[in-house]
Amino acid sequence: MSLALPVRRFDAIVVGAGGSGMRAALELARANLKVAVLTKVFPTRSHTVAAQGGIAAPLANSTEDNWHWHMYDTVKGSDYLGDQDAIEYMCRRANEVVVELEHMGMPFDRLENGKIYQRPFGGHTQDYGSAKMAMRSCAAADRTGHAMLHTLYQQNVRANTQFFVEWMALDLIRDPQDGAVIGVTALEMETGNVSILQAKATLFATGGSGRIFAASTNAFINTGDGLGMAARAGIPLEDMEFFQFHPTGIQGAGILITEGVRGEGGYLLNKDGERFMERYAPNAKDLASRDVVSRAMTTEIKEGRGCGPDADHLLLKLDHLGPEVINQRLPGIREIAIKFANADPVREAIPVVPTAHYQMGGIPTKYTGQVVVPEGANSESIVPGFYAVGECACVSVHGANRLGTNSLLDLLVFGKASGEQVIKDIRLLPSPQRNLPRDAGELSRSRLARLDANAEGERVADVGNDLRRAMQAHCGIFRFPEDLVKGIDKVKEIASRAQRTCLKDKSKVFNTARVEAFELDNLVEAAMATIVSAEARRESRGAQSRSDFPERDDKHWMKHTLWYKEGNRLAYKPVHLKPMSVETFEPKVRTY
Amino acid sequence: MKLSIYRYDPDKDERPCMQDYVIELEHADRMLLDALVKAKVQDDSLSFRRSCREGVCGSDAMNINGKNGLACVTKIADLPDHVTLRPLPGLPVIRDLIVDMTQFFKQYHSIKPYVINNDPPPERERLQSPAEREELNGLYECILCACCSTACPSFWWNPDKFVGPAGLLQAYRFIADSRDQATSERLDDLEDPYRLFRCHSIMNCVDACPKGLNPTKAIGKIKEIMVRRIV
């Protein structure tokens, strides 16, 4: 049957052209491998473009700094759930990849001495968590993600990377013999044709699933496509209960306002004009970790100290920084606040609420990008041919809570590392490709056939909106046991409704309704993984905060969750507490 | 609010037509993109690109009541009650509001959009003074939405030969970068009756840019450097 779908063969396929996908692709293109980069949107439209505040690296351009301190902050920020070997690896390679990015042409802001400008950011400190903040966030004004994504695209243009633009990957193809991943099926949007793209290495860089929540800073395209594909192919998803709510999304619109505002000296106020973070985090105040600030804000609103006629938001004040700093360091924020909040921050505060932002969990990998799953007694057996990086992956460097500016760093370090690993692995493989299994592509074809055949059913948009509302109501910043249980039932019901949707649009040409239907399938998997994992974890840690288990419980829960689609089954695996070369950072009570 | 939208599906339509949608606006609907998303709920066959919904990804460029712009940062309050939406002018239409941007990106790629510096890379960052970095402001922020180039009559006439405002803005971005060593090679490439000199400074690009950038000014600077090079 698979013969019906055209097959194209490559050494490697990269799915996704955001920061991590393009960093990996660059490594592969420079090695002269035959690479295809598939992307749903033109590369510079990927969501990395929306990152604002900076990329972490202990360059020590303004304050004393080193990778040990950065590592400590990241471990503590993760609420000790991050794998310490992967964290050490990331922090040790940070300066290298950021300097390389500068050499590629990245327009970083500069200090008087010509070095890269660095600003403070939440949770980044000097001397292992002292009250002194580290200036570690390398910034291009407040458009760091945009500048980085364009720089990486430009380098890929130079390296002649082959992009398949507006191609959406649909499903993984695995070899039934040993479970190796041997490619994907993909939909070319312009023609509506589906093909098989076969490769010796398939690297997912598909981004997060922020669109599972109703109020989200994320772009429309962040629908967890890689997670859905992996889950349908029997790969578990790790630590999905940990979803970061960014403290400062514009109220109502959800648009991100960078933590860099607070890094530059802005702060949050409640309706009494009180700088309330002083009560919750006496040292770091507004620059405590994101989970801490978001919880504090939600508590303020719940206890009636929210601002506005409905007491439903807080205010982010930065006018005291003066127009010069705002125009030079935060011009994008000014533009966004004027457009989306009708507030010019040079004169007035911005109304903000915590907003769903970043998924810490994902496809389980090693620091080499290799995907690892439990097999027999081995909890981390490598899946041959399969790699994942960036937000879709769980390395895990962010653990239960990511520090701001560590995500862009994650993209570069693990994008590069996975590229290096793919090159190494491919050289060891025999040159002919494996035989495709007889049923390769069947799953995608049947999904497509259902959408084409259904003459009646619900609208995709309605099912998607119900999913987002259910997740927002049942799996938010503070989680309640009854809500979670009810939420799982709702998501299950929505999952079955998603199978009965109907498209009016039956055209072959650029059928965006069909794309949205495929995206809904992926959102459902990501949402299910998130809420089922959250319900099962009976403790509060990082971004997971439960009313019935308000404390961290290292004795029972210092472990990673693994969620399997089949039967909604959960398994667990140990956290890597041992770093590569230094002593373990032992879990402590986490205060800022 | 009424939207009249250009519709064309080559799979079934012989020719394009305009279709009207009446949208019931709610309080949360601020931007034109919010209204478009509502129209798509009514009729899932309506096709357009969108992603970030905050004006940084450049996906949802279209012609709004005769002027190019991004739907996601065009306030409904600033629009009349009846809005006509067409695809960006001058590029082949794939379907509805989705255009084929191949030619636009080809021109962008043609200017070698990357820093060229053949010195062995130092161990640390290359130094650049704040003043040198300042030169890149107003240039690097381009989001490649194509609002400018598709508002330019010279680009409509010669999309294959004239680089267009977006590409030229980026050409100057690399000329202006103190780390780039390929200025003369870049100027040689542009010194051509079409590639640069089809710009007649009518400034539609400046008017169209949703990011407030000024390609005409950048083009002027390239011309200035070229003249200086001759004398």
Side-chain angles (χ1 to χ4, degrees), chain A residues 41-42 44-47 49-50 59 95 98-100 102-105 107-117 140-141 143 145-147 150-151 153-155 157-158 190 192 219-221 252-253 255-256 332 335-336 339-340 459-462 503-505 507-513 516, chain B residues 9-12 27-28 30-31 37 40-41 43-59 73 75 94-96 98 100-101 105 108-109 112-115 117 121-130 132-133 136-137 140-144 173-174 177 179-180 211-212:
Chain A
V41 293
F42 184 79
T44 62
R45 321 263 188 247
S46 307
H47 192 54
V49 81
L59 293 170
N95 285 354
V98 168
V99 167
E100 262 175 13
E102 191 284 324
H103 293 163
M104 291 176 194
F108 281 117
D109 284 5
R110 300 293 173 150
L111 297 164
E112 280 307 318
N113 63 12
K115 292 184 179 175
I116 294 171
Y117 169 76
R143 305 186 179 99
H146 167 276
H150 280 253
T151 302
Y153 178 66
Q154 291 156 1
Q155 289 301 312
V157 169
R158 185 177 202 173
E190 187 175 337
F220 280 101
I221 56 171
I255 310 283
L256 174 70
E335 186 185 325
I336 286 172
K339 280 188 179 133
F340 286 91
R459 297 189 292 209
V460 170
D462 294 337
L503 307 182
K504 295 226 169 58
D505 190 352
S507 172
K508 293 267 288 173
V509 180
F510 224 112
N511 188 329
T512 49
E516 288 180 23
Chain B
D9 175 3
D11 218 17
K12 65 179 179 59
H27 179 67
R30 278 188 191 79
M31 299 294 177
V37 167
K40 189 166 174 65
V41 174
D43 171 4
D44 67 14
S45 73
L46 175 63
S47 308
F48 53 92
R49 295 187 176 106
R50 84 285 179 266
S51 182
C52 74
R53 54 86 168 98
E54 58 186 65
V56 292
C57 80
S59 298
V73 289
K75 282 188 190 164
I94 296 174
R95 179 175 176 181
D96 298 346
I98 297 172
D100 181 349
M101 297 184 67
F105 288 121
Y108 172 62
H109 296 160
K112 298 196 175 169
Y114 39 82
V115 163
N117 183 318
E123 214 157 280
R124 288 285 305 234
E125 66 261 54
R126 291 199 161 97
L127 300 181
Q128 189 172 49
S129 72
E132 287 167 336
R133 167 59 182 80
L136 307 183
N137 285 349
Y140 84 94
E141 300 93 325
C142 173
I143 59 173
L144 301 176
R173 178 247 174 274
F174 291 99
D177 195 317
R179 297 167 295 179
D180 188 85
K211 303 304 284 183

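Treat the numbers as computed from the prediction; the structure is a model and nothing was measured. Proteins come first, then strands; the chains are lettered A, B, ... in the order of their sequence lines, and each starts at number 1.
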inquiry  = For A:Glu516, which atoms come within 4.5 Å of any heavy atom of chain B: side chain, backbone, both, or neither?
reply    = side chain
request  = Name all residues meeting the ring pair (Phe, Tyr, Trp, His ring centres under 6.0 Å) criterion together with A:Tyr153; count only those two or more places apart in sequence or in a different chain, and write none if there are none.
outcome  = A:Phe42, A:Phe163, B:His109
key: Heavy-atom closest contact (B:Asp180 atom, B:Tyr114 atom, distance)   = OD1-O, 3.8 Å
message = Checking the side chain of A:Asn511 only, and the main-chain atoms of A:Ala513 only, is there a donor and an acceptor separated by less than 3.5 Å?
response = yes
ask   = Do other residues, nucleotides or ligands put more than 12 heavy atoms under 6.0 Å from the NZ atom of B:Lys75?
value = yes
message = Does any backbone or side-chain atom of B:Ile94 lie under 4.5 Å from a heavy atom of chain A? Answer side chain, backbone, both or neither.
response = both
key: Interchain contact, A:Arg158 with chain B, by part (heavy-atom threshold 4.5 Å)   = both
message = If you count heavy-atom pairs within less than 4.5 Å of chain A, which of B:Pro10, B:Gly212, B:Ser47, B:Pro122 leads?
response = B:Pro122
ask   = Which atoms of A:Leu111 come close to chain B, meaning under 4.5 Å heavy atom to heavy atom: side chain ones, backbone ones, both, or neither?
value = backbone
Under 4.5 Å from any heavy atom of chain B - which part of A:Asn113 = backbone
request  = Quick one: list whatever passes ring pair (Phe, Tyr, Trp, His ring centres under 6.0 Å) with A:His47, sequence neighbours left out.
outcome  = none
query = Between A:Val49 and chain B, which part of the residue has a heavy atom less than 4.5 Å away: side chain, backbone, both or neither?
reply = both
message = Quick check on B:Arg30 against chain A: is it the side chain, the backbone, both or neither that has a heavy atom closer than 4.5 Å?
response = side chain
inquiry  = Using a 4.5 angstrom heavy-atom cutoff, name the option from B:Leu136, B:Asn137, B:Leu144 with the most pairs to chain A.
reply    = B:Leu144
query = Is it the side chain or the backbone of A:Ala461 that comes within 4.5 Å of chain B heavy atoms, both, or neither?
reply = side chain
Most chain A-contacting option - heavy-atom pairs closer than 4.5 Å, from B:Glu54, B:Lys12, B:Gln128, B:Glu123 = B:Gln128
request  = Please determine, among A:Gln154, A:Arg45, A:Glu102, the option with the most heavy-atom pairs under 4.5 Å with chain B.
outcome  = A:Arg45
ask   = Which heavy atom of A:His146 sits nearest a heavy atom of B:Glu141, and at what distance?
value = NE2-O, 3.5 Å
message = Can a donor-acceptor pair be found, under 3.5 Å and without considering hydrogens, that links the side chain of B:Lys40 to the backbone of B:Leu46?
response = yes
